[in-house]
Every structure is written in C-alpha cells, then in structure tokens.
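Every chain is numbered from 1 and lettered A, B, ... according to where its sequence line falls, protein lines coming before strand lines.
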Amino acid sequence: MPGTDHAGIATQNVVEKQIAKDGLRRQDLGREKFVERVWQWKEQYGSTIIMQLKKLGSSCDWDRTRFTMDEGYSGSVADVFKRLYDKGLIYRGDYIINWCPRCQTALSDEEAPHHELQGHLYYIKYPLKEDANQFVTVATTRPETMLGDTAVAVNPKDKRYKKLLGKTLILPLVEREIKIIADSMVDMAFGTGAVKVTPAHDPNDYALGKKHKLEFVNVMRPDARMNENAGDYRDMDRFEAREVILEDLKEKKLLVKEDPHNLSAGHCYRCHTIIEPYLSKQWFVKMKPLAKPAIEAVKKGRIKFYPDRWTKVYLNWMENIQDWCISRQIWWGHRLPVYYCKKCEEVTVSLTGPEKCPACGSVDMAQDEDVLDTWFSSWLWPFATFKDEKDLKYFYPTSALVTAQEIIFFWVARMIMAGIEFQKEIPFRDVYIHGTVRDDTGKKMSKSLGNIIDPLEIIKEFGADALRFSIISITAVGQDVFLSKQKFEFGRNFANKIWNASRFIISNLKAENMKADLCASYDAHNMSLADKWILSRFYQALESVEKSLENYRFNEAALGIYEFFWHEFCDWYIELSKAEINEPHTQLILYKVLEKSLRVLHPFMPFITEEIWHSLSPETIMTQPWPHVQKQMINKKIDGQMQAIIDVITAVRNIRAAWNIDPKARINILVKAPKDTAQHLNANSGYIKALVKAQDLKTGDNIVKPPRSAVAIVKDTQVYVPLEALIDLEKEKGRISKKIEETNSTINGIGQRLKNKEFLKKAPKDIVEGEKKRKAELAETLRLLEANLKDIA
RNA sequence: GGGCAAGUAGCUCAGUUGGUUAGAGCAUUCGGCUUACAUCCGAAAGGUCACAGGUUCGAGUCCUGUCUUGCCCACCA
C-alpha cells in the first residue's frame with residue numbers, strides 16, 4: 001500500500017519560497033490560487049518518492065497508491081473529526097501553544113524540539129508600590145515579556161519574601177500594578193527565588209495565571225512584533241524590543257546584572273525559527289481516553305515493538321500524554337469541518353457545510369480558516385487508504401509496520417489510537433523500528449542538512465541490488481547505520497559473483513539435466529558426497545535465513561545466504577563440479593541449488609535474480625514460491641565427511657603457500673591416517689587432487705613419511721608433501737613447533753577445566769563430554785606433531 | 001535532571017537465550033590471468049571484547065560502578 005502524505009507545513013514552505021522568487025507572498029495570491037500552486041508543485045515533485053521506491057525495487061500494489069489529500073481520504077479525515085467532536089473529544093480552547101512567527105502557525109509539542117541556546121539571565125528590580133526604594137529582583141531570560149507581566153511569584157516557604165506576600169509592585173516601563181503571589185511551583189534556589197509571571201507568554205505562567213486568576217496580557221502580534229499593549233515598544237521585533245528594554249532598564253538603574261546562561265528553547269522543526277509561546281485559540285484532541293486502550297494493547301502484547309526497548313519509550317510517552325493541538329494556521333491541508341455563525345457565534349461541525357446556523361438561522365456562516373495537522377490525516381493511514389470495504393476487511397489489521405524511531409509519537413502511537421478508536425481493532429501487530437541512516441561523521445542524513453547520499457546516484461554507480469544488499473547487511477536490528485559510498489562495494493561485488501556463477505552454470509547446463517526432480521533419496525541421481533553436502537548446506541542456510549527473517553534480523557538473513565552462496569556453493573561446490581561438469585547428477589545439483597538460491601535471494605536482490613531467472617524459465621521469479629526446507633536433506637554426517645576433505649585440501653594449500661611451491665607444479669601427496677579415514681579420503685581423492693593440483697595421492701595407515709617433505713596434521717591425519725627442492729629443516733621445525741605451542745596451550749586450557757571438580761559436577765554432561773573428546777583429539781594431534789618434529793631433529 | 005544506545009582486529013561493524021578455538025567485509029602481507037568472476041582465486045597476519053569490581057564450574061554475553069561518544073525526553077524562570 002504505497003502512498004504519501006501532504007506534509008503540510010513543509011510543502012507550504014517550499015511553495016512559499018518558490019513564489020517568493022517572483023516577489024510574491026501567499027497572501028498576494030489568495031487562498032484558492034495559492035493552494036492551486038501547491039497542487040501543481042505536488043503533481044510535479046510529489047511522485048519523486050514513489051519513483052525512488054520503484055527504482056529501489058520495492059514491490060508494492062502501485063495501483064493502490066494513495067495520497068492523504070485524495071477525495072475519499074479527505075472524507076475520512078473530516079468524518080473522524082466530527083466523530084471525535086460529537087464524542088466530546090475535540091474542543092476549542094485558549095492555550096499557550098508553540099507559535100512559529102515565521103510560518104505563522106501553531107505547532108504541536110512534537111513539532112517544536114528544544115535546542116540549547118547561549119543566552120543571558122537578566123536580573124531586574126521591580127519597585128514596591130508603597131516604597132519606591134524597596135525592590136523585588138526577578139530573573140528572566142526573556143525581558144521583553146515583562147511588558148505582559150501580571151504578577152510576581154515566590155515560594156510560600158521562602159523566608160526572604162514572607163513579609164512581602166500580597167504586596168503590590170510597580171511593573172517598570174509600563175507602570176502597571178502587579179501583586180506578589182505565593183506558589184509552591186517556584187524554585188527557591190533558582191535566580192532570586194522571585195519569578196515574574198507572564199501568563200500570556202509562557203506555559204508555566206499560563207498555569208499560574210489560571211490558578212491565581214491573573215490577567216492575561218498579550219504583548220505580541222503573530223509575527224512576534226510587539227503590539228499595542230507594549231506601549232512605546234510597539235512594532236518592534238521581539239529581539240529588538242529586548243535590547244531596547246534592557247537599555248531603558250539600565251538607564252533607570254533597574255537592571256541589576258546579566259549572567260551568561262544556557263537555556264533551551266523550542267524551535268520550529270521546519271524553519272528552525274525560535275518558537276514563541278503564544279496565547280491563542282486552537283483546536284485540541286483530548287488524548288487521555290484515546291491513549292488508554294492503546295497503552296493496554298501494547299502492555300498486553302497484542303502489539304510488539306522490535307527491538308523491544310521502544311516499548312518503554314512508547315509507554316512513557318503515552319502515560320504522560322498531553323492534549324494534541326491539531327489546528328494549523330496554514331492553507332495546505334484539510335480544512336476543519338467547522339463553521340461559525342457570524343451573527344450568534346454558534347459553532348457547527350458539519351461534513352457538508354450547513355446552509356444556515358442551527359441556533360439562530362442566519363445564513364451568514366464562515367468556515368474555520370485553519371487546516372488540520374498533517375498527522376491528523378496520517379494517523380488514519382492503516383484504514384482510510386482502502387477505497388473498498390471488502391479490502392479493508394481483508395487486509396486490516398496489517399501484520400507489520402516498519403518505520404523510523406523519530407516518528408513513534410507522531411505517527412505510530414497515533415495510528416494505534418486511531419485504529420482502536422475507529423476500527424475497534426489494532427492496526428498492526430508488529431512495529432519494527434529501523435535504525436537511522438547517518439553519514440560518516442554520525443550526523444543523521446537529511447535533505448535539509450545536505451548530507452544525503454542520493455539513492456538514484458548509488459543505483460547508477462553500483463546498482464539497486466548492490467544498494468539494497470549493502471544496506472541490509474549492515475543493518476543490525478534497530479542499530480543506526482553509518483553510510484559511505486564505499487560500503488556499496490560489498491553488495492556490488494556480491495551481485496557480480498551471483499552473475500558470474502550463474503553464467504558459468506547456465507552455459508554448461510543441458511536441458512535434459514534440469515528436468516529431474518530432487519526426491520528424498522540421494523541414490524536416485526547417483527549423488528556424490530559433494531552433491532549431498534551442498535544440498536545439506538543449502539537447506540541449513542535456508543533454515544537459518546527463515547529464522548532470521550521471522551525475527552526481523554535482516555542482516556543475518558542477508559549474510560546467511562551470502563555466506564552460503566559465495567563461500568560454500570561457489571568456492572567449493574562449483575570448483576569441485578568443474579571436474580565432472582558434464583555428469584547429469586552434477587548438472588542437476590548445480591541447477592537446483594542455483595534456482596533455489598535465486599528464489600531466496602530475490603527479496604534481497606530483485607533485479608539480478610529476475611534477470612538470471614529468465615535464462616532458466618519464461619516466467620517471472622516474483623511469483624515463484626519460497627523454497628521449502630527439506631529436513632531429510634540435512635545430514636550432519638555428510639557435512640563432517642566433506643569437512644574432513646576440505647580440511648586436508650586447506651592443509652595442503654597451506655603447505656604450498658608456506659613453501660612457495662610453484663603454482664603450476666603438480667605435487668604428490670601422502671596421507672597417513674587411521675583406516676576408515678584413509679579409506680574415506682581415498683574414495684574422494686579426486687576432490688583433493690583437483691583442488692590442490694596434485695599428481696598423485698596415496699593414503700593408508702602405514703604410509704611412511706618420505707624424507708624432505710613438509711607435514712601438516714589434521715586431527716588424527718598426517719599429510720605429507722615431498723618437496724623437490726632441498727627442504728629448509730629449520731623452517732619446517734619452526735612451523736611444527738609453533739603448531740605444537742598452540743595445541744599445547746589449548747590442551748592446557750581444557751585440562752584446567754577438566755581438573756575443576758565444580759565444573760565436572762555442575763556443567764551439563766554434553767559440555768563435559770565435548771571437552772573430554774576434544775582433549776583426546778588434540779592430544780593425538782599433539783602426539784603426531786611431536787613425533788614429526790623429533791623425526792626432523 | 002531522567003532515559004536509551006554504543007565502546008569488540010588498522011577501519012566499518014556482527015556476535016539470538018552465558019558453554020569449547022570471538023567472526024565478516026574493507027585495508028595489510030605473500031602467491032596467483034587455475035578455461036564464471038582481478039568487482040576474482042589461494043594463503044597469512046591482526047583482538048588483555050573501554051575500565052574496575054561482582055555473580056557463576058564457566059562472562060564479549062548477566063549485575064554494580066566509572067570513563068568516552070551519540071541520541072531521545074523534561075515547564076529550571
């Protein structure tokens with residue numbers, strides 16, 4: 001279900017900037033024309049995000065693409081408003097809200113994040129009415145608001161001010177009489193212990209004002225210039241007024257001092273202007289009743305967060321939830337379905353628009369000028385997006401919501417509340433909170449910071465599959481990712497590997513070898529050890545990929561199939577297959593493992609797998625089933641047998657590298673091992689010979705080490721490689737001695753453990769048995785190593 | 001002020017319920033055009049798991065404290 005919201009404030013800002021180039025303000029165009037311009041902009045750029053999603057290979061129902069301002073969706077928004085209003089959960093009220101003087105709109109608390117500022121704490125003397133030589137000194141960071149002061153508050157326990165309680169002060173500059181009141185909210189330790197109270201310009205003071213029935217004096221206009229209540233300071237910008245007021249106070253000797261002071265102030269999340277706490281009439285949603293069942297849903301586990309730690313963050317916010325300010329003084333968005341009678345001021349909420357006032361019958365009605373917070377439409381996304389009741393029934397509730405941490409309050413919490421309130425059912429069961437993408441220096445990538453990596457550029461340079469696979473691989477559950485261009489090489493290289501391996505296999509395949517079915521019996525196709533092994537490994541990889549996906553461990557899933565495909569299938573099986581590439585059983589396995597791997601890889605890398613798939617089948621891979629784990633194909637014994645061969649091959653390669661044996665030279669190998677091991681190696685000597693370029697391989701339990709040969713010990717097996725050139729005995733001694741040292745220290749470690757009676761008593765049996773077995777194996781290896789060393793000496 | 005996350009190889013990061021020898025990619029060193037792939041192949045080197053205590057037979061993993069970094073929340077005028 002793809003779609004976009006209308007991003008009210010952000011979009012309006014962009015278009016305002018655009019028309020500003022022609023010297024126009026939105027007011028110059030008027031509401032209707034301006035909104036038209038925004039629609040034009042939306043048509044032109046709004047599809048970018050959808051286009052990017054498509055380029056990334058996102059598999060959505062594109063014909064269901066929805067926009068929050070679509071007709072039907074807008075209907076749901078208005079409908080929900082009315083339902084909440086009728087239920088008494090929406091009200092209009094005076095309140096100190098976050099006001100952005102630049103955007104000229106109210107903002108919710110979540111839209112006005114606090115940032116630290118370096119400011120000053122100014123100490124100002126307010127003279128007593130009865131005796132102008134006596135003062136109360138208050139401390140403030142925003143002296144310009146003093147023009148709106150209607151009281152000074154002190155803590156009732158504060159002895160310094162006890163005798164002044166109830167007395168009257170003369171507010172300097174405006175000469176208004178204000179009372180000294182007592183309230184326990186005041187922190188005696190801060191500043192002077194006396195606080196100026198400005199109920200119209202500060203949320204705390206507002207509360208005090210309500211409680212103590214103070215006067216509310218608003219001294220600013222919406223553009224944060226001082227208004228007629230500010231006397232001589234009228235028309236000055238708030239910060240300009242601050243400077244002038246300080247000058248004037250200084251002149252009157254009422255400014256005691258100014259201390260540097262760090263304070264934190266709300267900033268508009270869109271334009272970063274400092275918020276002005278401002279008294280105005282706004283619309284609110286009562287959140288407590290909506291939050292209650294939404295808290296329950298999470299507490300009872302009907303909705304789960306991944307990773308779990310976000311549960312606490314969610315609950316903490318929900319349990320302290322404040323009413324939601326939903327009106328915005330902008331034009332781009334859903335208008336409130338609210339109508340005022342100009343005659344009797346009756347308020348009517350109506351979906352169609354009333355013809356006349358239901359109270360007085362006047363036809364002189366006007367719709368509220370405001371629009372709704374964008375989130376007031378987005379919170380309906382899980383259900384308002386469906387045009388068809390049947391679809392809604394079928395798809396709702398959805399299984400998982402995947403989103404960013406920063407949006408838990410804005411969106412996730414509210415969707416849960418809306419779902420329960422309007423659908424009587426939670427909107428989704430799992431909430432997966434992914435990490436934040438940051439740049440090299442740890443800064444969050446964002447368009448406004450300009451530090452983004454454009455996915456389209458990466459796709460051009462590395463490919464969409466490379467981009468996807470790289471990011472998935474480095475994203476552990478909910479961990480932030482630090483992204484740089486270089487990281488995309490990882491996915492690109494893997495895509496290259498898949499491409500080449502597929503090319504190799506497909507170019508060798510004969511059609512008749514692809515048809516056979518893999519049935520439960522290994523023998524049906526004369527399978528070799530390697531055939532059985534790679535199938536066993538594939539199904540184990542598949543099992544682990546499935547498990548990882550079920551737990552939202554996408555990186556583990558990606559790396560699981562990566563590890564299998566590259567380092568088991570390509571590095572070992574395909575290499576081994578070259579010797580018998582025309583054998584039907586080899587071709588069958590190559591084909592089966594490839595096509596199954598492609599199906600597993602498809603969700604991670606849709607483009608390359610689709611392309612390769614077309615060489616195998618005329619159909620699309622998108623609708624192919626996910627492979628089933630065939631448990632009977634998983635065989636640990638086969639794994640072990642193959643591992644023994646891999647170990648011998650690795651040991652010989654090691655010798656070749658250590659002794660700088662000419663890569664082209666064919667060598668002879670002798671292996672001395674217990675009977676059954678020797679037999680096993682002998683039966684599969686072809687593998688060894690092929691992968692280490694050996695001329696001849698002799699195995700047995702009575703092999704005699706030839707003089708001048710290098711040796712490697714694998715468990716109970718001794719591998720000898722006779723060297724043509726004169727062997728450097730000292731070097732060989734060094735090699736063996738080092739191995740002895742390593743083996744010894746490991747044996748000692750295990751020995752310590754096995755000597756510990758507590759360990760033997762308390763550790764689980766299988767752990768103890770494992771240790772014993774391992775010690776015995778290592779002891780045998782050590783014995784062989786020492787014998788060989790002695791032999792040299 | 002409260003909370004969360006992170007500190008593991010030169011770099012970037014994995015490491016699920018405590019269990020044998022802590023992994024990967026990149027970078028490094030050595031050797032390779034071995035007829036799918038040099039965006040590759042083979043081999044190697046590289047870690048007192050931030051620090052200090054504790055629990056445990058056993059700790060990268062659990063507990064406590066400390067340090068460093070980042071983020072979130074909060075009405076210190």
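Evaluation of the side-chain hydrogen bond (donor to acceptor under 3.5 Å, both in side chains) rule for A/R309 yields no partner, not counting sequence neighbours. In terms of the side chain to side chain contact (heavy atoms under 4.5 Å, CB included) criterion, residue partners of A/K257 (sequence neighbours excluded) are, by chain and number, A/Y123, A/D259. Partners of A/E550 by side chain to side chain contact (heavy atoms under 4.5 Å, CB included), not counting sequence neighbours: none found. The ring-ring contact (aromatic ring centres under 6.0 Å, His included) check on A/W317 picks up A/F409, with sequence neighbours excluded. Evaluation of the ring-ring contact (aromatic ring centres under 6.0 Å, His included) rule for A/F462 yields A/F488 as partners, not counting sequence neighbours.
Residue pairs satisfying the side-chain hydrogen bond (donor to acceptor under 3.5 Å, both in side chains) criterion with at least one member in residues 178-190 of chain A, sequence neighbours excluded, are listed as follows: A/T168-A/K179, A/D183-A/K211, A/D183-A/H212. Listed by first and then second residue, the salt bridge (charged side-chain N to carboxylate O under 4.0 Å, His left out) pairs that reach into residues 566-576 of chain A are A/R537-A/E568, A/E575-A/K578, sequence neighbours excluded. The salt bridge (charged side-chain N to carboxylate O under 4.0 Å, His left out) contacts involving residues 754-764 of chain A comprise A/E758-A/K761, A/E758-A/K762, where partners must be two or more places apart or lie in separate chains.
Closest to the side chain of A/D571, from the set B/rU16, B/rU12, B/rC41, is B/rC41. Among the nucleotides B/rC4, B/rU12, B/rG15, the one closest to the side chain of A/R309 is B/rC4. When each of B/rA36, B/rC75, B/rU39 is scored by its nearest atom to the side-chain atoms of A/N496, the top-ranked nucleotide is B/rU39.
For the C1' atom pair drawn from B/rC4 and B/rU39, the interatomic distance equals 39 Å after rounding to whole Å. Distance noted for atom C1' between B/rU17 and B/rA59: 14 Å (whole Å).
When the side-chain nitrogen and oxygen atoms of A/H201 are compared with OP1 and OP2 of B/rA77, none of them lie within a distance under 4.0 Å. Within the 4.0 Å cut-off from OP1 or OP2 of B/rA45, at least one side-chain nitrogen or oxygen of A/K738 is found.
Around atom NZ of A/K739, no more than 12 heavy atoms belonging to other residues, nucleotides or ligands sit under 6.0 Å away. The local environment of NZ in A/K689 is crowded, with over 12 non-hydrogen atoms from other residues, nucleotides or ligands closer than 6.0 Å.
Where A/N555 and A/I505 each meet RNA chain B at their nearest nucleotide, the meeting point lying more 5' is that of A/N555. Of the residues near RNA chain B, A/R553 and A/W566, the one whose nearest nucleotide (by heavy atom distance) lies more toward the 5' end is A/R553.
The stretch residues 186-196 of chain A touches RNA chain B through A/V186, A/D187, A/F190, A/G193, A/V195, each having a heavy atom under 4.0 angstrom from the strand.
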* For nucleotides 24-34 of chain B, read 5' to 3', which letter fits each nucleotide if B means a protein heavy atom sits under 4.0 Å from the base, S means only the sugar-phosphate is that close, and - means neither? -> -SS----S-SS
* Do nucleotides 56-61 of chain B as a string where each nucleotide becomes B, S or -: B if the base has a protein heavy atom under 4.0 Å, S if just the sugar-phosphate does, - if no protein is that close. => -B----
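Atom P of nucleotide B/rC75 and atom OH of A/Y278 are separated by 22 Å, given to the nearest angstrom.
RNA chain B contains the following stems of three or more consecutive Watson-Crick or G-U pairs, with both distances under 3.5 Å: B:1-7 with B:67-73, B:10-13 with B:23-26, B:28-32 with B:40-44, B:50-54 with B:62-66.
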